[in-house]
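Notes follow once the structure below has been shown.
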There are 2 protein chains.
Amino acid sequence: MTQPAGPAGPDTDAVITLTGRFADRDAWQAEGWCRLEHALELIGTRSAMILMREIYYGGRRFDELARHTGLTEAVAAKRLKQLVADGLLQRRPYQDPGKRTRYEYVLTELGRELFPVLVALIQWGERLGREGGVELVHVGCGSPLGVVVKCAKGHEVALPDTAARLGTNGNGTDLP
Amino acid sequence: MTQPAGPAGPDTDAVITLTGRFADRDAWQAEGWCRLEHALELIGTRSAMILMREIYYGGRRFDELARHTGLTEAVAAKRLKQLVADGLLQRRPYQDPGKRTRYEYVLTELGRELFPVLVALIQWGERLGREGGVELVHVGCGSPLGVVVKCAKGHEVALPDTAARLGTNGNGTDLP
DNA sequence: AAGCTGGCTAGTGGAAACCATAGCCAGGAC
DNA sequence: GTCCTGGCTATGGTTTCCACTAGCCAGCTT
């Protein structure tokens with residue numbers, strides 16, 4: 001899909017293809033309808049994202065999470081509560097011998113499904129060129145991780161091969 | 001590194017495997033060293049992310065971008081300026097016939113590489129179950145897009161098959 | 001030269017995010 | 001009992017985000 005460059009503007013300008021009713025960008029509003037915005041409502045803050053990172057790194061207990069993220073306990077408590085309420089984490093009782101019952105935070109299925117987002121962000125962060133930092137690798141072969149954009153049928157998809165359309169549930173009549 | 005499940009917790013608790021010097025999570029700090037945090041510094045705000053979405057949808061001109069994101073012009077101006085400064089967007093002159101020279105915002109290579117992050121977020125947002133919303137599909141076959149976590153050698157990688165280690169540039173001596 | 005318009009910029013204000021410090025509370029240890 | 005500790009909660013303050021309103025300016029049209 002790499003086309004020859006035009007005189008002034010090469011085709012690196014290519015973006016998502018809008019077809020049908022989406023072709024006229026003024027005819028529809030993504031605001032409040034966009035899954036991106038739904039996602040950002042839940043994990044759009046720095047504290048939420050780095051708490052999730054810490055959980056992926058194996059953190060479970062409150063003070064551990066607060067310490068490793070560098071967040072204050074107040075912020076950590078508030079955000080953890082929100083992440084539990086939103087269904088990314090689950091609060092689960094545990095008891096160390098000779099200690100009282102406490103709660104730890106573990107991933108739910110929804111939380112586990114956020115992993116590709118984390119990997120994508122880390123991969124992109126690597127591109128920023130700042131040296132240092134921890135990277136994620138495949139246990140089996142030691143190669144660094146990244147994400148690949150694919151369609152449900154398994155084709156790799158580049159940006160210009162992407163189109164927008166209504167979600168599968170949509171009846172097509174209720175876009176604002 | 002997949003350990004047998006305890007009585008209460010099945011192995012769905014599995015997270016990233018920490019080995020070597022990383023095994024002791026208290027021995028190292030991700031704070032300020034994490035590529036995730038570097039990434040979030042640039043696109044950690046809602047306005048930055050939805051502006052990028054709008055650019056991917058083909059938006060280029062200032063008022064178009066402000067209108068379609070629902071952001072105020074003040075916020076859009078500030079964020080666009082920052083995105084240009086950070087190298088995700090490029091400000092490029094254009095001239096409509098009979099109009100003065102203006103500037104439009106187009107993706108840089110760095111900005112284009114953010115696409116998988118957007119796809120991952122949209123895919124995850126779909127999981128939230130709220131109905132409606134635009135989805136991205138493959139032009140070729142019409143199937144919805146998602147991301148797949150893979151290592152550089154092409155193996156698909158699940159969460160428990162992931163390990164953390166120092167970035168390739170690291171000499172291993174300079175973790176805080 | 002006067003007006004209009006697209007593309008910003010500036011000022012104000014509220015809400016949310018985040019930090020710092022201090023306090024509380026359940027319950028095992030003693 | 002009393003103490004101690006891990007896990008929060010409360011209070012107060014700064015900073016950032018974002019909305020709203022208003023204004024500015026280059027330059028094309030008239």
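Lettering follows sequence order; numbering is per chain, from 1.
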Query - N or O in side chain of A/Tyr105 less than 4.0 angstrom from D/dC8 OP1/OP2 - result: yes

Query - Whole-Å distance separating the CG atom of B/Leu71 from the C1' atom of D/dT21 - result: 17 Å

Query raised in the report: Should A/Phe62 and A/Glu73 count as side-chain neighbours, where that means a heavy-atom distance under 4.5 Å?
Result: yes

Requested in this report: Could you tell me the separation between the CZ atom of B/Phe62 and the P atom of D/dC25, rounded to a whole number of Å?
Outcome: 17 Å

Query raised in the report: Nearest-Å distance, NZ (B/Lys99) to P (C/dT5)?
Result: 10 Å

Query raised in the report: Looking at the side chain of A/Arg102, which of D/dG7, D/dC20, C/dA26 is the nearest nucleotide?
Result: D/dG7

**Report entry** Distance test, side-chain N/O of A/Lys78 to OP1/OP2 of C/dA17, below 4.0 Å
**Finding:** yes

Query raised in the report: In whole Å, what is the span from the CD atom of A/Glu37 to the P atom of D/dC18?
Result: 11 Å

Requested in this report: Check whether any side-chain N or O of A/Arg91 sits under 4.0 Å from OP1 or OP2 of D/dG7, and answer yes or no.
Outcome: no

Report task. Pick base, sugar-phosphate or nothing for A/Ala74, based on heavy-atom distances below 4.0 Å to the nucleic acid. Result -> base

Query - Phosphate-side-chain proximity, A/Lys81 and D/dC8, N/O vs OP1/OP2 below 4.0 Å - result: no

Query - Closest to side chain of A/Arg46, choosing from C/dC8, D/dC17, C/dC18 - result: C/dC18

Please tabulate, for side-chain N and O atoms in residues 79-86 of chain A, each donor-acceptor pair with protein atoms closer than 3.5 Å (sequence neighbours left out).
residue : atom : partner : partner atom : Å
A/Arg79 : NE   : A/Ser47 : OG           : 2.7
A/Arg79 : NH1  : A/Gln82 : OE1          : 2.6

Requested in this report: Please tell me if the side chains of A/Arg46 and B/Glu37 come closer than 4.5 Å, counting only heavy atoms from C-beta onward.
Outcome: yes

Query raised in the report: Is it true that B/Arg35 and A/Glu126 make a salt bridge, defined as a side-chain N closer than 4.0 Å to a carboxylate O?
Result: yes

Query raised in the report: Can you find a side chain N or O atom of A/Thr72 that sits less than 4.0 Å from OP1 or OP2 on C/dA20?
Result: no

Requested in this report: Write down the distance between CG (B/Leu40) and C1' (D/dT16), rounded to a whole number of angstrom.
Outcome: 15 Å

Query raised in the report: So does B/Arg79 get a side-chain nitrogen or oxygen closer than 4.0 Å to the phosphate oxygens (OP1/OP2) of D/dC18?
Result: yes

Query raised in the report: DNA chain D: B/Gln82 or A/Glu73, which has the more 5' nearest nucleotide?
Result: A/Glu73

Report task. Using a strict cut-off of less than 4.0 Å between a Lys/Arg side-chain nitrogen and an Asp/Glu carboxylate oxygen, indicate whether B/Arg102 and B/Asp96 qualify as a salt bridge. Result -> no

Report summary line: Taking C/dG11, C/dA17, C/dA26 as options, the one with an atom nearest any side-chain atom of A/Arg100 is C/dA26

Report task. Kindly say if B/Ser47 contacts the phosphate of D/dC18, meaning a side-chain N or O under 4.0 Å from OP1 or OP2. Result -> yes

Query - Interatomic distance, A/Gln95 CD vs D/dG6 P [rounded to whole Å] - result: 15 Å

Query raised in the report: How long is the line joining CZ of B/Arg92 and P of C/dG7, in whole Å?
Result: 15 Å

Query raised in the report: Starting at CG of B/Asp96 and ending at P of D/dT29, how long is that distance when rounded to a whole Å?
Result: 12 Å

Query raised in the report: Would you say D/dG7 has OP1 or OP2 under 4.0 Å from some side-chain N or O of A/Tyr94?
Result: yes

Query - D/dG6 OP1/OP2 closer than 4.0 Å to side-chain N/O of A/Arg61 - result: no

Query raised in the report: Hey, is the main chain of A/Trp124 close enough, under 3.5 Å, to the side chain of B/Glu113 for a donor-acceptor pair?
Result: no

